[in-house]
Asks: 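Quick one: the structure is below, and I'll ask about it shortly.
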Protein chains: 2
Amino acid sequence: MAAPQSGDGTVGKALEVLDQVAAFGRPVRFSELLTGSKYPKATLYRFVQTLTSQGMLSFDPERQTYAPGIRLVRLAHAAWQQSSLAPVARPFIEALSSQVGETVHLAQLDHGQVLYVDKRNAVEPIEMYSQAGKVGPAYCTGVGKAMLAYLDEPALSRVLAQQSFHAFTPNTLNTEQKLRTELGEIRQRGFAYDREEHEPGIICVAVPILTESGRVLGALSVTTSTSRKTLDALEAHVPAAQQAADNIAREAQSWRFPDQTSKPEKIGMA
Amino acid sequence: MAAPQSGDGTVGKALEVLDQVAAFGRPVRFSELLTGSKYPKATLYRFVQTLTSQGMLSFDPERQTYAPGIRLVRLAHAAWQQSSLAPVARPFIEALSSQVGETVHLAQLDHGQVLYVDKRNAVEPIEMYSQAGKVGPAYCTGVGKAMLAYLDEPALSRVLAQQSFHAFTPNTLNTEQKLRTELGEIRQRGFAYDREEHEPGIICVAVPILTESGRVLGALSVTTSTSRKTLDALEAHVPAAQQAADNIAREAQSWRFPDQTSKPEKIGMA
DNA sequence: AACCGAGTTCCGAATAATGGAACTCAATAC
DNA sequence: GTATTGAGTTCCATTATTCGGAACTCGGTT
């Protein structure tokens, strides 16, 4: 009992294979997948066949390689629109970015990792998937820590178990203990710093986006480099960021289901 | 081979459910899914549970609704980068767009539909997933017809069987017969027109992107509105579009497997 | 208190997944 | 010209999962 780590049933296994292909970051041969797969040849083969016939993988017959399929792009369009904060948050992020003159990131938690769902760069024109969909570590980024700080204990320990605690820089909080202490401070302070904990020279302040009931929806950060600003100077933008986060949370809640009798189920205080 | 509509095994069924959720275009309750699902309650329930626990669906506990999950966004990032033409094609598309001063679309075929994987708008700044991931009909768009014209017969008839042939406008080719005739003309001519067949007032010329062996990779179109240009005037841009398509095809072939050589990937997110 | 319907759990029967082994078919070696 | 190798593919009896009808739980309504 208690499945080791992978998920539920056949579907979970198939998706695991899909992740493996995606993790390669390039088209991959069957044999490459096989070495490094927990499944025997025939089984892996069936999974790959199924996924390909479903369009979740694409097969290049000329090079005999597999890659994540375009069906995913179509599905992700729906996911991004509905399940991510991005469509709701975009106007606020743009306003915030131009107000503070720095890059703003919008992120959510996925599988214990930080997933960037939108980005507004102050200087250069916006790019595409190149950032939306990108992932980063949760334990050493501003947005990651801001979200972790507001998880409840069962969820938090689940996520912490998935962190690598690799020390990217001398400032990285590389143990669960150090991180937990920091998370407490973040809760008290209301926002998180990134003091060059992930990349040297990159600093940010980040605030969580929370529902009224305190559930973590995501986080946003104002990012810059040490060559442009100090952390103290960045901190001046925290109120604006918190304002934006509040607006996004409110929009996200009142939105969804324009139909029906929207019940004014207000709890808490005004 | 030739599975009627549903797919292979348990995984296929689960993905079918995923599609159903995505098709709603908004967060959806379990009971809504149930009416309109071919599966009995208990079975559907298990699928939804599995998909949710896998992050392919997200569940909003406050509203008791399901939506496509953010794990899809992460997977799609990989798909877009590897499996789509977009990363390779982008510079050529930008060049083409600014050269001709019109909107350029890049599309691929997915499940018999046109899937737009990139877009370069000549006038306003670029948006995001809002277009990448969007789908359209194959039988009445320029890019769709350009791709269909170069499919081999088995693939073509498979795709044609999936078309609705709904008449969006008076100009829509709304039978397989009419379409097949048109496809022949496209093959002879080398490019496709859209004569307001999908949206009134919208016209385009489209060229296929083909491998040396003639396999269809995708298509690109130069689009405008009847208020700006006539079809004849648009036709002047066909050579430039064909040039771009050739360049993209060549790049796409020689690319793949930069092999070994470590990745000098630029990062920068905090 | 009885009812209702959405959501959830149960469990024996039915079905689909499993994986060792054998096969195909190139490319390379002898 | 034949043997060898290994990636990719198929087979099939065994085994583990999925299936789904029915029963249950739990708010809210009559």
Side-chain angles (χ1 to χ4, degrees), chain A residues 1-21 24 26-54 56-67 213 256-257 259-265 267, chain B residues 1-18 20-21 24 26-54 56-67 213 256-257 259:
Chain A
M1 15 300 315
Q5 36 194 349
S6 70
D8 1 36
T10 315
V11 175
K13 294 176 198 169
L15 293 176
E16 195 185 339
V17 170
L18 184 56
D19 266 344
Q20 258 159 44
V21 175
F24 268 84
R26 61 170 173 83
V28 67
R29 273 209 193 65
F30 176 73
S31 56
E32 296 181 278
L33 270 180
L34 187 56
T35 47
S37 170
K38 49 162 58 151
Y39 302 110
K41 192 158 53 160
T43 304
L44 214 219
Y45 182 71
R46 228 174 338 91
F47 278 135
V48 165
Q49 287 292 92
T50 302
L51 289 168
T52 301
S53 114
Q54 288 293 327
M56 301 296 281
L57 287 180
S58 73
F59 179 68
D60 182 336
E62 279 161 37
R63 292 186 169 63
Q64 300 228 129
T65 56
Y66 297 90
S213 59
R256 309 275 151 115
F257 288 90
D259 57 20
Q260 305 287 48
T261 40
S262 53
K263 35 179 55 179
E265 129 190 277
I267 327 174
Chain B
M1 23 194 72
Q5 30 197 349
S6 68
D8 2 34
T10 314
V11 175
K13 295 175 197 168
L15 293 176
E16 195 184 340
V17 171
L18 183 57
Q20 258 158 43
V21 175
F24 268 84
R26 61 171 171 83
V28 67
R29 271 208 244 300
F30 176 73
S31 56
E32 295 182 279
L33 270 181
L34 187 56
T35 48
S37 171
K38 51 164 52 152
Y39 301 110
K41 193 157 52 159
T43 304
L44 215 218
Y45 183 71
R46 224 172 343 90
F47 277 135
V48 165
Q49 287 292 95
T50 303
L51 288 169
T52 302
S53 115
Q54 288 293 326
M56 301 297 279
L57 288 179
S58 73
F59 180 67
D60 182 336
E62 280 161 35
R63 293 188 168 62
Q64 301 229 129
T65 57
Y66 297 89
S213 60
R256 304 281 151 110
F257 290 90
D259 227 23

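Proteins get letters first, then strands, A, B, ... in listed order; numbering begins at 1 in each. In this text, all values refer to a predicted model and were calculated from it rather than measured experimentally.
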Asks: Take atom CG of B/Leu51 and atom C1' of D/dT18, then tell me their distance rounded to the nearest Å.
Replies: 14 Å
Asks: Could you check whether any side-chain heavy atom of A/Phe47 comes within less than 4.5 Å of a side-chain heavy atom of A/Leu18, counting everything from C-beta outward?
Replies: no
Asks: Which heavy-atom pair separates A/Leu51 from A/Ala14 by the least distance, and what is that distance?
Replies: CD1-O, 3.5 Å
Asks: Below 3.5 Å between N/O atoms, which protein atoms pair up with nucleotides 27-30 of chain D? Just atom names and distances, please.
Replies:
none

Asks: Among residues at least two apart in sequence or on other chains, which ones pass side chain to side chain contact (heavy atoms under 4.5 Å, CB included) with B/Thr52?
Replies: B/Val48, B/Leu57, B/Phe59, B/Tyr66
Asks: Between B/Ser31 and C/dG5, is there a contact of a side-chain N or O with OP1 or OP2 at under 4.0 Å?
Replies: no
Asks: Output all residues satisfying side chain to side chain donor-acceptor pair (under 3.5 Å) with B/Gln64, sequence neighbours left out; order by chain, then residue number.
Replies: none
Asks: With the side chain counted from C-beta on, respond yes when B/Leu34 and B/Tyr45 share a heavy-atom pair under 4.5 Å apart, and no when they do not.
Replies: no
Asks: Could you encode protein contacts along nucleotides 8-27 of chain C as a string, one character per nucleotide from 5' to 3', using B for base contact, S for sugar-phosphate-only contact and - for no contact, with a heavy-atom cut-off of under 4.0 Å?
Replies: BB------SSBBB-------
Asks: Figure out the CG/C1' separation between B/Leu44 and D/dC19, and round it to whole Å.
Replies: 13 Å
Asks: For A/Ser31, which residues count as a side chain to side chain contact (heavy atoms under 4.5 Å, CB included) partner, sequence neighbours excluded?
Replies: A/Arg29
Asks: Check whether the side chains of A/Tyr39 and A/Gln20 place a donor and an acceptor atom closer than 3.5 Å, and report yes or no.
Replies: no
Asks: Which atoms form the tightest heavy-atom contact between B/Ala67 and B/Pro27, and what is the distance?
Replies: CB-CA, 4.4 Å
